[in-house]
Amino acid sequence: MGFRKDFLWGGATAANQCEGGYNAGGRGLANVDVVPVGEDRFPIITGQKKMLDFEPGYFYPAKEAIDMYHHYKEDIKLFAEMGFKTYRLSIAWTRIFPNGDEAEPNEQGLAFYEDLFKTCKSYGIEPLVTITHFDCPIHLIKEYGGWRNRKMIDFYENLVRTLFTRYQGLVKYWLTFNEINMILHAPFMGAGLVFEEDEDETQVKYQASHHELVASALATKIAHEIDPENQVGCMLAAGLNYPYSCKPEDVFAAQEKDRENYFFIDVQSRGAYPNYALKQLEREGVKIEMTEEDLALLKAHTVDFISFSYYASRVVTTDPKLNEQTEGNIFASVKNPYLEASEWGWQIDPLGLRTTMNALYDRYQKPLFIVENGLGAVDTPDGEGYVEDDYRIDYLREHIKAMKDAVELDGVDLLGYTSWGCIDLVSAGTGEMKKRYGFIYVDRDNEGKGTLKRTKKKSFDWYKQVIASNGENLR
Ligand code: P53
């Protein structure tokens, strides 16, 4: 009963949301650096502006973030104190290849992550590495158009070969692309896509998706060739779409909505484009350029495990009168009358995690790994800087309970759980600091003011005891 003995408990971050040091150690600029906090965060999606560099009048939170670039030893020590078995982090592509298309990597960048991994290992923490977490070098966007260009596969191949070779023996768990399905919702953050006027955006998005899928299969192949111990996973922004009612049209609409996301994982896990997607793309007039070699590569090099993020479930209706939307976020959805929502309008649904796990396990029959889950909330420290975040503990407890049911009662094979933003970091969706997820408070605000001091929250000790009891003690 319970979780496996070697269950990988831990926390997750992404380079651009925590490292800072945006121009340190020879690092180049990436798309994730030039998105400001505030309303203009994603102007490129709306097509109003093309901001591919820092512009006056904006605050760019990724420049310094929580400065983990200079604090990682202190931060990993705190993770170790909580008992982390794993730490999920991402590589900043532009630390390794500042422009993206160089032949030789930047040694300073490689050395930085080598020391970080060794620090993890010294505490018995297994690194879980996301190769790209929404980041794309600016140079590759300006010069090649980002992932719309097939050449990106070569640049990515160069990156992964470098990483797998250099970190052999230090890193075993790899994720090829964070939330690969996000390319459909946030194409600039997802794939460095900037659209031209009058362009068929769907065509471009799916061509770029194909390039990422081929690159992912190629990375899986190379990882296994370099070291058969390597375990490679895909990564889905999960969260099921519920039909608003039992009206058959609603049920079908929800199925179609889920398939938009499953599409990517179907290719990465089953090794071929699913029929429903081929038919739909055909109806939409989308023609993906692909070769026989691509198809053979996809078929032969599927992932070892399925990882995903889960924050909320969503609702689909075909009734135009019922379209009251949740608050602004990339996955805005119809309001579910049975659920409460977070301060940012994300609908809190622990049982939805169990349902999602079952849906994924039924579909793929491969081990799952929950690599993001958590509550973004405003924290108010007391005079000593201490945060009593019972709301966060409640959220995590209920989700861990549901995850436990999926394992114990449904028999889902689950490798581990890394909660999102184990230390407070910059929000990907909004660029805010005040949307906090951490067990560790970081003194920094939306304008970049603060001492960067780290303070344990109440949830720190709670999570420590969860890990120590392998998920038995959730009080
Ligand atoms: P934030 C929505 C919007 C942007 C990124 O999100 C997202 C999602 C939710 O699926 O995905 C992940 O910071 C992402 C992380 C991100 C986290 O959700 O907007 O992988 O980078 O921080 C939480 O609250």
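Whatever order the structure lists ligands and atoms in, that order sets their numbers, starting from 1. We use all heavy atoms of the structure for the numbers below, so side chains are in, but hydrogens, waters and symmetry mates are not.
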Enquirer: Measuring from atom 12 (C) of ligand 1, which candidate in Q17, E372, R436 has the nearest non-hydrogen atom?
Expert: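 Among Q17, E372, R436, the closest heavy atom to atom 12 (C) of ligand 1 comes from E372.
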Enquirer: Is it true that K456 and D461 have a side-chain N and a carboxylate O under 4.0 angstrom from each other?
Expert: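 Salt bridge flag = no for D461 with K456.
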Enquirer: Quick test of your reading: applying salt bridge (Lys or Arg N to Asp or Glu O under 4.0 Å), list the pairs with at least one residue in residues 418-430, sequence neighbours left out, ordered by first then second residue.
Expert: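 Every salt bridge (Lys or Arg N to Asp or Glu O under 4.0 Å) pair that includes a residue of residues 418-430, provided the two are not neighbours, is D424-R436, D424-K457.
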Enquirer: K435 heavy atoms, cut-off 4.0 Å: which ligand 1 atoms fall inside?
Expert: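 Result: 1 (P), 19 (O), 24 (O).
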Enquirer: Heavy atom of M182 under 4.0 Å from ligand 1?
Expert: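 Distance cut 4.0 Å: M182 passes for ligand 1.
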Enquirer: Go through ligand 1 atom by atom and flag the ones less than 4.0 Å from a non-hydrogen atom of Y311.
Expert: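 With Y311 as reference, the close atoms of ligand 1 come out as 17 (C), 18 (O), 23 (C).
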Enquirer: How long is the span from the OG atom in S342 to the CD atom in Q347, to the nearest 0.5 Å?
Expert: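 Spacing of OG (S342) from CD (Q347) equals 9.5 Å.
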Enquirer: I need the single residue from D389, D382, D390 that forms a salt bridge (charged side-chain N to carboxylate O under 4.0 Å, His left out) with K458. Which is it?
Expert: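 Looking at D389, D382, D390, the match for K458 under the salt bridge (charged side-chain N to carboxylate O under 4.0 Å, His left out) is D390.
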Enquirer: Look only at interatomic distance and state if A428 has a nitrogen or oxygen under 3.5 Å from any nitrogen or oxygen of ligand 1.
Expert: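 Yes; at least one N/O pair falls below 3.5 Å.
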Enquirer: Compute whether any side-chain donor of one residue and acceptor of the other, for Y441 and D379, lie under 3.5 angstrom apart.
Expert: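 No - no donor-acceptor pair under 3.5 Å links their side chains.
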Enquirer: I want to confirm something. Looking only at heavy atoms, which of W346, Y310, W344 is nearest to atom 2 (C) of ligand 1?
Expert: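 Going through W346, Y310, W344 one by one, W346 has the nearest heavy atom to atom 2 (C) of ligand 1.
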Enquirer: Between atom NZ of K77 and atom CZ of R454, what is the distance when rounded to the nearest 0.5 Å?
Expert: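 Reported to 0.5 Å precision, the distance equals 13.5 Å.
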Enquirer: Check each heavy atom of A14 against ligand 1 and say whether those closer than 4.0 Å belong to the side chain, the backbone, both or neither.
Expert: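 Neither; no heavy atom under 4.0 Å.
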Enquirer: Test: salt bridge (Lys or Arg N to Asp or Glu O under 4.0 Å). Region: residues 61-72. Which pairs qualify, not counting sequence neighbours?
Expert: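 Pairs touching residues 61-72 that pass the test: E64-R444.
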Enquirer: I need the contact type for L425 against ligand 1. Using non-hydrogen atoms and a strict under-4.0 Å cut-off, is it side chain, backbone, both or neither?
Expert: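 Answer for L425: neither.
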Enquirer: Do any N/O atoms on G429 end up under 3.5 angstrom from N/O atoms on ligand 1?
Expert: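 Min N/O separation from ligand 1 is below 3.5 Å for G429.
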Enquirer: With ring pair (Phe, Tyr, Trp, His ring centres under 6.0 Å) as the test, would you mind laying out the steps for F263 and Y273 before giving the verdict?
Expert: CA-CA 8 Å; F263 160 71; Y273 275 80; 5.6 Å; yes
Enquirer: Out of all atoms in ligand 1, which are within 4.0 Å of some heavy atom of S427? Include the element for each.
Expert: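 Taking each heavy atom of S427 in turn, ligand 1 has 1 (P), 13 (O), 19 (O), 24 (O) under 4.0 Å.
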Enquirer: If we only consider heavy atoms of H133, is any one of them less than 4.0 Å away from an atom in ligand 1?
Expert: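 Contact check H133 vs ligand 1: positive.
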